[in-house]
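Chain identifiers are assigned alphabetically (A, B, ...) following the order of the sequence lines, protein sequences preceding nucleic acid strands; residue numbering begins at 1 within each chain.
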Protein chains: 2
Amino acid sequence: MGDVFKALADPTRRTILDELTERDGQTLFEICVRLTSRHQLSLTRQAVSQHLAVLEEAGLITTRKQGRYKFHHLDTTPLAAIFERWPVTRKGQTP
Amino acid sequence: MGDVFKALADPTRRTILDELTERDGQTLFEICVRLTSRHQLSLTRQAVSQHLAVLEEAGLITTRKQGRYKFHHLDTTPLAAIFERWPVTRKGQTP
DNA sequence: ACAATAGGCAAGCCGTCACTTGCCTGTCAA
DNA sequence: TTGACAGGCAAGTGACGGCTTGCCTATTGT
């Protein structure tokens, strides 16, 4: 569970999750391009690759390899554990 | 929002939130005692104080000063923003 | 009044982290 | 088949984070 928060602690990794939310199953280069063109983030390919490794180890993304491409898919199920640990009071919620 | 994840990235801070979930409105020394006696964490008072500062800056706890005591109260509303950013699929949920 | 209690401030140490650079592996097309 | 393309594997660097140490302020009880 600590890995999830450690992964989400970095703003670049959160932006990557945003990208995959909008368009799932992207490859490493696609993510690199979209990070620079849409979020003004100029990062090396290695940097993005390391970020993806952290996200995968946290269970927030899954990878599917196909030929020389590797597609990354979002998986938000680890986030559900947050609610089971600390009861969250949302707007309009009657506990 | 980044402050929330940075705050939750540390296991000690998550344990502090657990403590406040079980018993809200504790003081600094109370938290110190319970961290050592119930979680086998031997930390300095300063360390815990700094953790509490991080949690407060993230909006996860609020403080109420009364005389020479300062009580800490849990506030999980910042966690709700996580779901509004990434749709979480829980068990038995039909979207 | 004064000593104990509850907490704060600031500097310093050491480990972790984000990022880069350089080189290497595997896959597809011309 | 050979070169272009997608990706991986380190090692190195600079900065940030967690924790300690030392000293200081304010409030309470006897």
Side-chain angles (χ1 to χ4, degrees), chain A residues 1-20 23-37 39-73, chain B residues 1-20 23-37 39-73:
Chain A
M1 180 166 189
D3 294 329
V4 178
F5 291 112
K6 249 178 48 184
L8 290 169
D10 188 80
T12 305
R13 284 194 284 266
R14 290 196 298 272
T15 309
I16 292 176
L17 292 187
D18 289 336
E19 261 316 309
L20 289 178
R23 190 174 193 276
D24 199 37
Q26 291 188 63
T27 177
L28 172 58
F29 274 73
E30 286 179 285
I31 297 173
C32 284
V33 169
R34 289 170 79 107
L35 282 181
T36 61
S37 63
H39 300 275
Q40 285 77 33
L41 295 174
S42 59
L43 293 170
T44 320
R45 176 181 54 87
Q46 317 295 341
V48 181
S49 177
Q50 288 166 10
H51 280 308
L52 290 173
V54 173
L55 288 171
E56 186 176 10
E57 196 166 358
L60 287 166
I61 63 173
T62 59
T63 58
R64 169 175 55 96
K65 202 167 182 186
Q66 181 178 335
R68 61 174 160 175
Y69 298 102
K70 187 179 177 185
F71 304 100
H72 302 79
H73 295 270
Chain B
M1 181 166 189
D3 295 328
V4 178
F5 290 112
K6 250 178 48 185
L8 290 169
D10 188 80
T12 305
R13 284 195 283 266
R14 291 196 298 269
T15 310
I16 291 177
L17 292 186
D18 289 337
E19 261 316 309
L20 289 179
R23 189 173 192 277
D24 199 36
Q26 291 189 62
T27 177
L28 172 58
F29 274 74
E30 287 179 284
I31 296 174
C32 284
V33 168
R34 289 171 78 107
L35 282 182
T36 62
S37 62
H39 300 275
Q40 286 76 34
L41 295 174
S42 59
L43 293 169
T44 320
R45 175 182 55 88
Q46 317 294 341
V48 181
S49 177
Q50 289 167 10
H51 280 308
L52 289 172
V54 173
L55 288 171
E56 184 175 10
E57 195 165 359
L60 286 166
I61 62 173
T62 58
T63 56
R64 168 176 55 97
K65 202 167 181 186
Q66 181 178 333
R68 64 172 158 177
Y69 298 100
K70 187 178 178 185
F71 303 101
H72 302 80
H73 296 269

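If you take CG of B/Leu8 and C1' of D/dG17, they are 16 Å apart, rounded to a whole angstrom. For A/Gln50 and C/dA18, the CD to P distance is 9 Å, given to the nearest whole Å. The distance from atom CD1 of B/Ile16 to atom C1' of D/dC19 is 13 Å, rounded to the nearest whole Å. Atom-to-atom, CG of A/Leu55 to P of C/dC17 comes out at 14 Å; the value is rounded to the nearest Å. At whole-Å resolution of the value, CD1 in A/Ile31 and P in D/dA6 are 14 Å apart. As a whole-Å value, the separation of A/Leu52 CG from D/dA6 C1' is 13 Å. A/Asp3 has its CG atom 10 Å from the P atom of C/dC17, to the nearest Å. Following rounding to the nearest Å, B/Leu28 (CG) and C/dG8 (P) show an atom-to-atom distance of 7 Å.
In terms of polar N and O atoms assigned as donor or acceptor, the side chain of A/Gln46 comes within less than 3.5 Å of the base of D/dG8 in a complementary pairing.
Comparing C/dG8, C/dT5, C/dT27 by their nearest atom to the side chain of B/Arg68 picks out C/dT5. Side-chain proximity of B/Asp10 to C/dT20, D/dT20, D/dG18: nearest is D/dG18.
Between C/dC19 and A/His51, a contact under 4.0 Å exists linking OP1 or OP2 to a side-chain N or O. Taking 4.0 angstrom as the limit, B/Arg13 places a side-chain polar atom (N or O) nearer than this to OP1 or OP2 of D/dG18. A close approach under 4.0 Å does not occur between any side-chain nitrogen or oxygen of A/Lys65 and OP1 or OP2 of C/dG26. A close approach under 4.0 Å does not occur between any side-chain nitrogen or oxygen of A/Lys70 and OP1 or OP2 of D/dA6. Between D/dC19 and B/Arg45, no contact under 4.0 Å exists linking OP1 or OP2 to a side-chain N or O.
Of all heavy-atom pairs between B/Arg14 and B/Leu8, the closest is NH1-O, 2.6 Å. A/Leu55 approaches A/Ala7 most closely through the heavy-atom pair CD2-CB, 4.1 Å. Annotation for A/Lys6 and A/Arg13: closest pair O-NH2, 3.2 Å, computed over non-hydrogen atoms.
Between A/Gly67 and A/Thr12, the residue anchored nearer the 5' end of DNA chain C, judged by the nucleotide with its closest heavy atom, is A/Thr12. For A/Thr44 and A/Gln66, each mapped to the nucleotide of DNA chain C holding its nearest heavy atom, the one lying further toward the 5' end belongs to A/Thr44.
B/Ser49 places no side-chain N or O within 3.5 Å of a backbone atom of B/Arg45 that could act as its donor or acceptor partner.
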request  = Report the C-alpha separation of B/Ile31 and B/Leu20 in whole Å, then their side-chain angles, then the decisive distance to 0.1 Å, and conclude whether the side-chain contact (heavy atoms from CB on, under 4.5 Å) test is met.
outcome  = CA-CA 8 Å; B/Ile31 296 174; B/Leu20 289 179; 4.3 Å; yes
